[in-house]
Amino acid sequence: MDEKGDGISMLAAIKENRCKRLRNWLWKLLAERFSIEQQWVQDHIANCPKCRGRIARLGRVDAALALLKAEPHSIDLLMRANTQAIGVLKHSLRETAKACKLRRARPESTILERYGKYKRPLFHAAACVAVAVLLKISTFSSAGKFRAGSQKAVEHYYASRAGEDIAGEVFRSHA
Amino acid sequence: MAGRVVSIELVWDFPIPKALEQTQGWVLVAMQHHGRELVNMLWRILGNEQDVCDAYQDTFLSLAHHEYGSKPENVKGYVFRSASNRAISILRHRYLEKRDLSSKLIDKRKAATPAGELDSKYLKESLRAGIARLPDHLRDVVTLHDLGELPYEQVGRMLGITSATARVYRCKAVQLLAAWMRKETA
């Protein structure tokens with residue numbers, strides 16, 4: 001009975017996976033075919049006043065949202081808000097060390113924001129290191145290949161001129 | 001009888017207040033963890049510092065009194081939704097109060113010109129008015145995702161919907177806002 005149940009749940013999972021794959025594939029196809037970057041979509045927009053207007057209106061909403069996000073508030077707003085909120089909490093909470101700390105809280109930037117300005121130089125440095133490592137690896141490996149190839153050529157030369165046993169002796173002693 | 005009174009007093013004096021004290025510490029922890037993001041979201045919704053402080057205070061007061069001081073299952077979801085709802089009710093109240101005044105403040109003739117359309121103050125105010133008018137399910141997604149900067153997955157979890165549904169709601173909300181902002185300028 002359990003095995004039968006397991007089999008049914010496995011079939012359902014496979015079916016679900018297939019559906020998910022199909023859904024993802026459809027989304028990808030639609031996104032590729034009808035994305036705004038497509039030339040035919042851009043041509044249509046350029047010649048259709050209705051679509052142009054619609055896109056401009058959506059753009060205005062996006063612009064307004066960006067303006068709301070970009071508007072800064074005063075630096076002590078968090079401190080004031082915390083102080084006001086803590087003031088209405090019960091006495092035992094108001095007197096804790098954490099509450100005192102929160103009353104003095106200022107918006108601190110996150111690690112990502114703080115070190116964001118170093119992102120580009122860090123990427124550049126990492127890329128340089130990667131290129132240097134790759135160059136070194138490729139230089140050493142090509143030098144090794146070149147050495148092995150030339151040794152083989154010289155061995156072959158000696159073998160053809162002086163005989164296999166002498167060449168073997170010379171190169172074995174070198175090895 | 002006297003013995004019974006004493007025992008009841010002991011019950012009230014000793015374990016309950018201590019337990020409550022301990023459990024209420026999470027209110028401050030929540031304030032520490034989500035305060036910055038909450039203030040940012042409230043500021044974007046309201047654009048007025050005193051209103052931000054009021055909505056913030058109400059949010060944490062309601063958190064502290066949630067079901068007799070018990071901790072909600074999803075504290076972040078609770079504070080964000082609660083703050084967003086409070087901010088929207090303040091915004092609606094403000095627009096109701098200033099209905100006549102705002103129509104005078106927003107000069108439609110000025111807005112119809114290209115310079116007026118790009119006037120940042122006008123754009124922000126008309127967007128805020130639009131957000132206050134949106135149906136609840138669409139408004140929640142816009143405030144939490146766009147103004148609270150929460151990812152769709154988190155917004156979905158907070159609202160009890162899938163992230164795909166949250167995306168659809170956001171798309172519908174933007175279309176509605178675009179239509180309303182167009183009517184205002186027309």
Side-chain angles (χ1 to χ4, degrees), chain A residues 19-20 23-24 26-27 31 50-110 112-113, chain B residues 17-18 20-22 24-25 27-29 31-32 35-40 42-45 47-50 52-61 63-65 69 117-118 120-128 130-131 142 146-147 149 164 171 173-182 185:
Chain A
C19 286
K20 203 174 175 183
R23 253 196 335 259
N24 287 340
L26 263 174
W27 272 117
K50 265 190 177 177
C51 285
R52 269 209 309 272
R54 207 167 290 148
I55 284 174
R57 285 195 294 279
L58 293 177
R60 280 188 70 211
V61 177
D62 282 337
L65 279 169
L67 280 170
L68 280 187
K69 281 187 197 174
E71 193 180 17
H73 55 71
S74 59
I75 199 153
D76 64 341
L77 182 59
L78 178 63
M79 204 165 72
R80 276 161 48 206
N82 278 346
T83 308
Q84 194 173 322
I86 290 166
V88 292
L89 295 179
K90 59 183 188 179
H91 189 74
S92 54
L93 278 175
R94 270 185 268 160
E95 301 303 315
T96 56
K98 199 177 262 288
C100 292
K101 202 178 155 193
L102 282 168
R103 280 197 203 100
R104 292 192 303 269
R106 279 175 183 266
E108 278 174 20
S109 47
T110 59
L112 269 178
E113 286 166 351
Chain B
K18 233 181 185 176
L20 271 177
E21 247 176 57
Q22 278 171 356
Q24 288 277 296
V27 177
L28 296 177
V29 174
M31 201 180 280
Q32 191 183 14
R36 182 176 164 242
E37 293 162 305
L38 267 182
V39 164
N40 281 339
L42 290 171
W43 168 249
R44 285 164 186 169
I45 298 173
N48 177 305
E49 295 192 346
Q50 192 48 56
V52 170
C53 290
D54 292 344
Y56 190 83
Q57 176 194 304
D58 285 355
T59 303
F60 282 100
L61 194 61
L63 181 70
H65 292 279
E117 282 202 358
L118 291 172
S120 66
K121 201 174 172 190
Y122 169 76
L123 266 181
K124 281 187 283 188
E125 277 313 303
S126 57
L127 181 69
R128 283 195 180 110
I131 289 174
V142 172
D146 289 287
L147 307 179
E149 288 186 276
C171 191
V174 169
Q175 281 171 355
L176 264 178
L177 289 170
W180 288 338
M181 282 165 81
R182 181 199 177 198
T185 52

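All heavy atoms count here, side chains included; hydrogens, waters and symmetry mates do not. Naming convention: chains lettered A, B, ... in sequence-line order (proteins, then strands); numbering from 1 in each chain.
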Of the listed residues (B:Leu42, B:Leu177, B:Leu38, B:Asp146), which shares the most heavy-atom pairs with chain A below a 4.5 Å separation?
B:Asp146
Starting at [atom1] of [X], measure out to [atom2] of [Y] and round the result to the nearest 0.5 Å.
{"X": "B:Ile45", "Y": "A:Leu68", "atom1": "CD1", "atom2": "CG", "value": "9.5 Å"}
{"X": "A:Leu89", "Y": "B:Met31", "atom1": "CG", "atom2": "CE", "value": "5.0 Å"}
{"X": "A:Leu102", "Y": "B:Phe60", "atom1": "CG", "atom2": "CZ", "value": "9.0 Å"}

Quick check on side chain to side chain contact (heavy atoms under 4.5 Å, CB included): which of B:Met181, B:Gln175, B:Arg182 does A:Arg57 satisfy it with?
B:Arg182
Would B:Leu127 and A:Leu67 count as a side-chain contact (heavy atoms from CB on, under 4.5 Å) if you check the C-alpha gap in whole Å, the side-chain angles of each, and the deciding distance to 0.1 Å?
CA-CA 10 Å; B:Leu127 181 69; A:Leu67 280 170; over 6 Å; no
Would you kindly say whether A:Asn82 and B:Gln32 are connected by a side-chain donor-acceptor distance under 3.5 Å?
no
Min side-chain heavy-atom separation A:His73-B:Val52 under 4.5 Å
no
Close side-chain approach of B:Val29 to A:Lys98, heavy-atom, < 4.5 Å:
yes
Hey, mind stepping through A:Ile86 and B:Leu28 against side-chain contact (heavy atoms from CB on, under 4.5 Å) and telling me if it holds?
CA-CA 8 Å; A:Ile86 290 166; B:Leu28 296 177; 4.2 Å; yes
Closest heavy-atom pair and its distance - B:Cys53, A:Leu77
SG-CD1, 4.0 Å
Identify the two heavy atoms, one from A:Ala85 and one from B:Tyr56, that lie closest to each other, and give their separation to 0.1 Å.
CB-CD2, 3.9 Å
Please state whether the side chain, the backbone, both or neither of B:Asp54 comes within less than 4.5 Å of a heavy atom of chain A.
both
For B:Glu149, what residues pass the salt bridge (Lys or Arg N to Asp or Glu O under 4.0 Å) criterion, not counting sequence neighbours?
B:Arg44
If a pair satisfies salt bridge (charged side-chain N to carboxylate O under 4.0 Å, His left out) and one of its residues is in residues 64-89 of chain A, list it, with sequence neighbours excluded.
A:Glu71-B:Lys124, A:Glu71-B:Arg128, A:Asp76-A:Arg80, A:Arg80-B:Glu49
Measure distances from A:Ala105 to the heavy atoms of chain B and classify the residue's part below 4.5 Å as side chain, backbone, both or neither.
neither
Checking heavy atoms, do the side chain of A:Thr96, its backbone, both or neither come under 4.5 Å from chain B?
side chain
